[in-house]
Structures are given as C-alpha cells and as structure tokens.
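Just the heavy atoms: all of them, side chains too, but no hydrogens, waters or symmetry mates, feed the values below. Chain A is the first sequence line, chain B the second, and so forth, proteins listed ahead of strands; every chain is numbered from 1.
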2 protein chains.
Amino acid sequence: MNISQAAAVVGIPPKTIRYYEEIGLISSQRAENGYRVYEDRELHMLTFLGRARSLGFTIESCRSLLALYADPNRASANVKDVAESHVAEIDLKIAELKGMRSTLSKLIKSCRGDDMPDCPILNELSRPFNKQG
Amino acid sequence: MNISQAAAVVGIPPKTIRYYEEIGLISSQRAENGYRVYEDRELHMLTFLGRARSLGFTIESCRSLLALYADPNRASANVKDVAESHVAEIDLKIAELKGMRSTLSKLIKSCRGDDMPDCPILNELSRPFNKQG
DNA sequence: CTTTACCTTCTAGTAACTGGAAGGACTATC
DNA sequence: GATAGTCCTTCCAGTTACTAGAAGGTAAAG
C-alpha cells in the first residue's frame, strides 16, 4: 500500500505521515522504486497515532504511548498515568478558557455596540494597572 | 523609562515587548544611547496588549483592537464584533476539549491501571477503523 | 509518447514567543 | 582609571505540529 492509500485508510494526510516518520514516531518499508510501503503493522500504528492526536495527546505523549503499545511487558498503570495527566492538562485549559470567556462576556454585555466611539471593552483593556482590581 | 522597567510595570517580558515592536504592534522612542524609551502612551498600549493577549485574542486581533483603540471615530459595534467572534472561538475550543475529556475519561475508567499489560486504552486507540463506531 | 497523477526530498512558513550569543553602555566599587 | 556587573542592543535559532510548494523521478492510462 502506497502512502496516499494508507493516508485514506487512517485519515491522516500523506504529508503528516512523512512528518511522523521524519521525527521517528513511525518507520516504513520501501519498495524498489523508493516508495514508502504500508502494511498492517504501520497502519495500526498510524491509526493509533491519529486517535491519540485527536484526543489532544502531544507528539511526545504519543511517543510514550506508542512505546507502551509496543511493549508486551508494559503495565497498564503506566498508560493510565499518561492518560490521567493529559486529562489534568485538558482541565487546566478548559478552566483557562472559561475564565477568559467569563471576563469577555461581561465586557461584551457592558458595551452598547452602536456607532458611537465610547466602548467599555477598550476602556477596560487599557485601564492602568494601579486602578485594577 | 527603560524596557525592563516598562516590562515590570505592564507585566510583559522585555523580549516580548521587543517582539511586539518588531512585528509593528507598537513603536518606541529611542534615547541618545539607542535604548528604547517608554512613556505613558507606550505603557497604555502595552497594558492593552497584555490584557487582550491574556484574554486569548490573537496578535492579529490585537492589531485590530489597537487600531480601534487609537481611532477616535471608531464605532463600539466594531469592537464588540471582534470580542464576540473571539467568544465564539473560545466556545469552539471548550467544546472540543470537553469532547476529548469525555472520551478519555471513559477510557481511563475502563482501565484497571495495574501491573498487567492488558489495557483498554491502548486497545481502543489501535482498534481498526472498520470496527469503529 | 504524452499526459496525468503519484511519489521522492528539501526548503520555508505558520503563531507567538523564548533563549542565547556577541558586543556596546551604564553604574558601582576599588 | 580600571574593573565587575548589570543593563541595553541586534541577530540567529528553537519551540509545536504540521502545511505549502518547488524540483524532479515513477507509474498508470489512453
């Protein structure tokens, strides 16, 4: 199977697959003509990668997960650890975004949004630090 | 006021202030010795930038907001538009993160997390696409 | 035999900084 | 006046995870 067929099967662009190979996340066999060849093993790993990335795991976390995946002597506790710390990171990001959203919503509500220049949003953003609170 | 004093006042690292100048977000006067000099106007704009960035506005949105801030003939509706579309983006990100979190939590719950290799998390991540659903 | 579509590698660009090197300037001390 | 230490300058490189595009080889279709 060539790269674009593999790409179609696992839902990852060819460019991205080459990139994953370049950074050593996966490897590939080569045909006589130099083309990359993908079979079951590679397709499994690419599928794994696509799913992990779509769950927001960083490339480095994916590297750890793939190593665990490939290790028949792994402890599932190690996998769970990686997943749990990722959930913790997600929770942090969600909290941060919610904080932003809350502040912004208040500002938006206070702004009439008409054709006049007076704007509480701009006022708040430029308020000197010593008047903050 | 030199750059590191300004940095302390507005809470933005000197490096970042130079970067903002490099990309044309702000400008600065120079002293005879070539040092950047910051006064009220620049401090206001840096404060503005710091707040906007901490609310998650992109640099390009900050550029728009600064232009509106500097325009005495602006319409507050334009500011409100920028803010509202940013809230929409935040909502998208939150939804995405919540989706990830939900999927991950289920996987984590299904994993015993002991010293055995059997791991539903890895199983799910590597499950072939034709068995998905 | 030509066109089209695929493959290869390499380079560069994205967002928003951050770190570090090389060298000039200011301040404090001896 | 010499020296040490801290600040300032510019420029270059690295970060994350790709993505776009160029130049050129290969394969399949008509």
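If you check residues 30-43 of chain A against DNA chain C, the residues with a heavy atom closer than 4.0 Å are R30(A), G34(A), Y35(A), R36(A), listed by number.
At whole-Å resolution of the value, CE in M1(B) and P in dC26(C) are 19 Å apart. For the pair I23(B) CD1 and dG13(C) P, the computed distance is 17 Å after rounding to whole Å. In this structure, E60(A) atom CD and dT16(D) atom P are separated by 7 Å, rounded to whole Å. Atom CD in E22(B) sits about 14 Å away from atom P in dT18(C), given to the nearest Å. Regarding Q29(B), its CD atom lies at a distance of 17 Å from the P atom of dC8(D), rounded to whole Å. To the nearest angstrom, C1' of dC7(D) lies 14 Å from CD1 of I17(B). One atom, CG of L55(A), and another, P of dA17(D), lie 14 Å apart when rounded to the nearest Å. The nearest whole Å value for the distance from the CG atom in N2(A) to the C1' atom in dA5(C) is 12 Å.
Considering CG of N123(A) and OH of Y69(B), their distance stands at 8.5 Å, rounded to 0.5 Å.
Between E124(A) and K106(A) there is no salt bridge, since no side-chain nitrogen of the basic residue lies less than 4.0 Å from a carboxylate oxygen of the acidic one. Ion pair R63(A)/E60(A) flagged as a salt bridge, since at least one NZ, NE, NH1 or NH2 atom sits closer than 4.0 Å to an Asp/Glu carboxylate oxygen. For K109(B) and E84(A), the salt-bridge test fails: no basic side-chain N is under 4.0 Å from an acidic carboxylate O.
Between Y20(A) and dC18(D), a side-chain N or O to OP1/OP2 separation shorter than 4.0 Å is present. Y19(A) has no side-chain polar atom (N or O) that falls below the 4.0 Å cut-off from OP1 or OP2 of dT16(D).
For R18(B), the listed nucleotide lying nearest its side chain is dT9(D); candidates were dT8(C), dT9(D), dA17(D). Here dG21(D) is the nucleotide among dG21(D), dC18(D), dG20(C) with the atom lying nearest to any side-chain atom of K15(A). The nucleotide whose nearest atom lies closest to any side-chain atom of P13(B) is, among dT18(C), dC8(D), dT9(C), dT18(C).
Inter-residue side-chain proximity for R53(A) and C62(A) is flagged as met; some heavy-atom pair is nearer than 4.5 Å.
Linking ILVMFWY side-chain heavy atoms closer than 4.5 Å, directly or via other members, places L104(B) and L92(A) in two distinct hydrophobic clusters.
At a threshold of 4.0 angstrom between heavy atoms, the contacts of F57(B) with the nucleic acid are absent. Counting any heavy atom pair closer than 4.0 Å across all strands shown, I3(B) reaches sugar-phosphate atoms only and no base atom.
The nearest heavy atom of DNA chain D to S4(B) and to T16(A) marks one nucleotide each, and the one closer to the 5' end goes with S4(B).
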Test side chain to side chain contact (heavy atoms under 4.5 Å, CB included) on N2(A) and Y38(A) and set out the steps. CA-CA 6 Å; N2(A) 283 345; Y38(A) 298 88; over 6 Å; no
